Q: 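This structure is in structure tokens; I'll ask about it shortly.
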Amino acid sequence: MKNFFNLFFVLMTSFHAQANPLSTNLREYILSSDLGQYHATLSAEDSDKLIQTQLQVATECLTDEGQCEHALYSLRTTAEIKANQLGSPLYQQTFLFLQDSYTQLAQGNGVFTPLRIPVAFAQQRIELMRQTIIKATLARNGQATPLNYPGSYPLLLQLYQANNPSILYVSEFDESLDLANPITQSYKTLLIALLKHHAEKGVGRTALLSLMGDIFKDIVNKQTGRQLCEQCTTTFIVEYYSSSTEQKWYEEVDALEYVAYQVPEIIELEHHRIAFPHYYTRNVAQFILYFKVFFHENESLFMVDLNNFSSLDKAEQDLILDDVAHQFKNISVSPNFLRILHTTFRWLTATGQIESMLSSGAVLNGLASNQFNAGSHNKIFAVNIAANVILTKIPNIILGETQRYGCASDEWAPPQPFYMLLEDKCVYSPSFQTGKFSITASTTYGIQDQYDYEISIYHKPTNQTLMSRKISNREEITLKYSTLAPFNLDQMVMYISSTNPATRGDIASIQLSPQIFEKQYGGVIKNNRFYFVQELPERKFYRPRGDELGCPIIQLNKSQQQACLSEKFDLYNELPDYFYQNMTPIGYIAPLPAISIEQVLQQKKAEILALEQQAMVDAMSGLGWGPGACLSC
């Protein structure tokens with residue numbers, strides 16, 4: 001897909017030389033291709049007959065390899081008999097073409113020239129017909145996919161079967177439609193077979209899409225309170241566009257394709273939108289996005305040994321299905337989802353079409369309410385310690401005001417000599433883990449931090465919020481790469497906003513990228529600001545913390561302090577993060593525009609370089625080497 005757009009128009013331009021009958025253009029195309037070698041000794045009339053045979057072979061071979069082999073064998077036998085009986089160049093060349101085709105098919109190397117070449121000619125024109133019909137469909141339906149949209153291939157097939165010859169006309173080629181010509185008639189037969197090939201799906205795929213359509217119907221009809229569609233569409237139009245040109249291109253994706261794969265990209269057109277039906281833009285679109293997340297987070301659980309499942313008796317199969325259903329119910333998934341689960345299993349098992357299934361251990365990580373875990377037990381434990389154990393030699397009110405001042409400021413180090421780290425007193429270290437991006441929220445020492453912050457992920461192509469969660473003070477949420485892996489991260493923006501009615505609005509816009517999920521990065525929200533933070537290569541035990549909690553610096557060395565703290569709090573594992581300096585701030589993020597961590601790191605690097613250069617200038621100035629200094633004196 002990435003290079004198809006450019007290649008397609010190169011090919012199209014090569015055939016857009018002048019207005020010719022369609023049969024003439026097809027004849028020239030065949031004769032200039034690898035199939036042209038069989039026409040060199042033939043008259044124009046015999047050549048046209050061989051072209052019809054070549055188109056017939058392509059039509060027969062569209063179905064499957066078995067049908068292709070049967071057709072080639074039958075046609076080859078007939079041509080061989082006539083070649084021996086009549087000795088005409090036409091039948092000799094026809095037999096040679098069929099013999100070579102049969103040999104190529106038997107070799108099974110995946111390249112079958114007799115099918116590839118005629119289909120390429122037809123597909124060029126079909127693609128342009130699809131562009132026309134999709135563009136017209138969007139224009140009639142407010143730039144959205146119709147609620148009962150069957151797809152462009154079925155629509156084109158309906159027009160052909162309704163004997164509408166005008167659909168054959170492609171303005172880009174400006175071909176006259178010589179429908180009475182035998183070559184054009186053979187081409188039309190191939191075209192219809194090709195459209196059927198594109199329009200028809202496998203039995204299992206058709207059943208699953210039908211079930212998805214039933215779910216969409218239930219959601220839409222319940223949402224509107226009226227019966228809007230009997231079989232709501234599962235095919236969506238995708239519009240590709242660019243910021244630098246008015247050129248657009250249209251494709252389609254069905255619900256299952258969208259769930260299983262990323263939408264293909266076109267290099268020349270860097271943006272795309274999924275034109276969901278108007279009635280889908282709320283609940284149905286959300287359902288599809290959530291199901292996509294669920295599918296990919298549990299992808300390894302979808303595949304099971306088919307023999308193992310089929311070897312179970314009915315009671316055992318039902319037991320597994322009931323177990324899966326129970327897990328679905330436990331996390332409050334829509335009953336519609338239960339229905340599709342049961343119906344799919346039972347239908348696929350009954351018809352022998354089962355290809356994959358959810359194991360009984362599947363969980364909806366992508367949809368479960370516990371996807372974002374609130375807080376770390378270590379951090380919560382540390383907060384309780386800080387609240388209950390205070391330095392006796394410093395009055396509580398002084399310590400409290402110092403913390404309040406430090407936590408409400410924009411600085412990352414409250415004033416000495418109180419030996420306070422901002423980290424874990426005012427903000428808490430995120431859980432730095434590969435494949436995850438954690439964000440922690442401050443304490444309530446700052447007025448802004450007394451209100452929840454809302455974190456949401458926006459998906460640009462579907463104009464949908466993929467997920468939205470609130471985080472309170474002293475809590476942590478974690479964004480998993482596996483949740484977003486089925487999407488292109490370039491199309492995802494994370495917004496962080498305050499729920500404070502006095503300052504409601506976005507406080508940060510972050511362009512997601514793979515680097516954000518590297519182990520050393522996290523985020524901190526403090527006093528209505530968002531900061532990227534980085535894990536220290538080696539976390540540092542902060543000795544004054546031990547002093548606060550009855551393990552004094554003066555009397556004990558570092559290891560003795562750590563042993564003292566472990567014994568005091570009866571810990572069997574390592575000390576909580578509270579006793580360590582774990583991170584360093586990278587930079588503060590403004591509300592707009594959306595910025596990636598790569599850009600923040602580049603800015604940080606530029607700032608450090610500028611400071612180093614300024615320090616060098618200052619040092620040289622102190623030695624009398626400043627601007628205007630005489631270097632040769």
Side-chain angles (χ1 to χ4, degrees), residues 11-63 67-107 111-126 160 163 165 168-170 172-195:
L11 291 171
M12 188 190 76
T13 304
S14 66
F15 288 98
H16 189 44
Q18 58 183 349
N20 284 326
L22 189 149
S23 60
T24 300
N25 286 343
L26 178 53
R27 182 185 299 109
E28 292 176 356
Y29 182 86
I30 294 291
L31 296 179
S32 62
S33 72
D34 290 344
L35 296 181
Q37 60 183 307
Y38 303 102
H39 297 261
T41 61
L42 299 181
S43 66
E45 183 180 356
D46 285 349
S47 181
D48 282 0
K49 291 179 180 178
L50 179 53
I51 288 174
Q52 293 172 56
T53 300
Q54 290 171 327
L55 293 174
Q56 181 185 0
V57 167
T59 303
E60 296 285 356
C61 289
L62 266 177
T63 307
Q67 172 69 20
C68 184
E69 182 181 7
H70 176 77
L72 282 174
Y73 181 83
S74 177
L75 290 170
R76 184 189 63 172
T77 301
T78 301
E80 184 179 20
I81 293 172
K82 289 188 177 181
N84 292 332
Q85 289 178 347
L86 304 177
S88 71
L90 171 60
Y91 288 113
Q92 289 175 350
Q93 291 302 106
T94 301
F95 171 70
L96 180 60
F97 160 70
L98 293 168
Q99 177 66 33
D100 290 347
S101 299
Y102 193 85
T103 301
Q104 190 180 100
L105 182 68
Q107 290 173 348
V111 179
F112 189 57
T113 305
L115 179 62
R116 175 178 57 84
I117 291 175
V119 164
F121 180 89
Q123 194 64 39
Q124 290 169 18
R125 285 149 179 79
I126 286 177
Y160 275 97
N163 294 319
L168 277 169
Y169 179 74
V170 179
E172 287 81 357
F173 289 97
D174 194 25
E175 296 167 330
S176 60
L177 305 179
D178 52 343
L179 298 176
N181 188 287
I183 290 180
T184 302
Q185 291 178 352
S186 296
Y187 166 75
K188 185 177 178 182
T189 302
L190 170 63
L191 203 63
I192 292 175
L194 189 55
L195 289 173

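Note that the structure is predicted; figures quoted are calculated from it, not measured.
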Q: Output a table of donor-acceptor pairs, distance under 3.5 Å, between side-chain atoms of residues 69-77 and any protein atom two or more places apart or on a different chain; print 'none' if there are none.
A:
residue: Glu69; atom: OE2; partner: Tyr102; partner atom: OH; Å: 3.4
residue: Arg76; atom: NH1; partner: Gln99; partner atom: OE1; Å: 3.3
residue: Thr77; atom: OG1; partner: Tyr73; partner atom: O; Å: 2.8

Q: Do other residues, nucleotides or ligands put more than 12 heavy atoms under 6.0 Å from Phe97 CZ?
A: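 Buried by this count: over 12 neighbours within 6.0 Å.
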
Q: Decide yes or no for Thr24 and Asn181: does some side-chain heavy atom of the first lie under 4.5 Å from some side-chain heavy atom of the second?
A: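 No; the side chains remain at least 4.5 Å from each other.
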
Q: Can you list the residues that meet the salt bridge (Lys or Arg N to Asp or Glu O under 4.0 Å) rule with Arg27, with sequence neighbours excluded?
A: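 Residues passing salt bridge (Lys or Arg N to Asp or Glu O under 4.0 Å) with Arg27: Asp48.
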
Q: The criterion is side chain to side chain donor-acceptor pair (under 3.5 Å); which residues satisfy it with Thr184, sequence neighbours excluded?
A: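 Counting only residues at least two positions away or on another chain, Thr184 forms a side chain to side chain donor-acceptor pair (under 3.5 Å) with Asp178.
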
Q: Lys188 versus Tyr160: any side-chain heavy-atom pair under 4.5 Å?
A: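 Sidechains of Tyr160 and Lys188: in contact.
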
Q: Mind checking whether Ile51 and Leu55 have side chains closer than 4.5 Å, heavy atoms only?
A: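 In short, these two side chains touch, coming nearer than 4.5 Å.
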
Q: Is there side-chain contact between Tyr29 and Ile117, with heavy atoms separated by less than 4.5 Å?
A: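 Touching, per the 4.5 Å side-chain cut-off.
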
Q: Please tabulate, one pair per line, all N/O donor-acceptor pairs under 3.5 Å involving side-chain atoms of residues 34-42, not counting sequence neighbours.
A:
residue: Gln37; atom: NE2; partner: Asp34; partner atom: O; Å: 2.9
residue: Tyr38; atom: OH; partner: Asp100; partner atom: OD2; Å: 2.8
residue: His39; atom: ND1; partner: Ser47; partner atom: OG; Å: 2.7
residue: His39; atom: NE2; partner: Gln54; partner atom: OE1; Å: 3.1

Q: Report the C-alpha separation of Phe112 and Cys68 in whole Å, then their side-chain angles, then the decisive distance to 0.1 Å, and conclude whether the side-chain contact (heavy atoms from CB on, under 4.5 Å) test is met.
A: CA-CA 11 Å; Phe112 189 57; Cys68 184; 3.7 Å; yes

Q: Could I get the full list of side chain to side chain donor-acceptor pair (under 3.5 Å) partners for Gln52, not counting sequence neighbours?
A: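 Testing Gln52 for side chain to side chain donor-acceptor pair (under 3.5 Å), a comparison that skips the adjacent residues, returns none.
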
Q: Check side chain to side chain donor-acceptor pair (under 3.5 Å) between Gln67 and all other residues, then give those that pass, not counting sequence neighbours.
A: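 Here the qualifying residues are Glu60.
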
Q: Are Lys49 and Thr53 close enough that some pair of their side-chain heavy atoms sits under 4.5 Å apart?
A: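 No. Closest side-chain heavy atoms not under 4.5 Å.
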
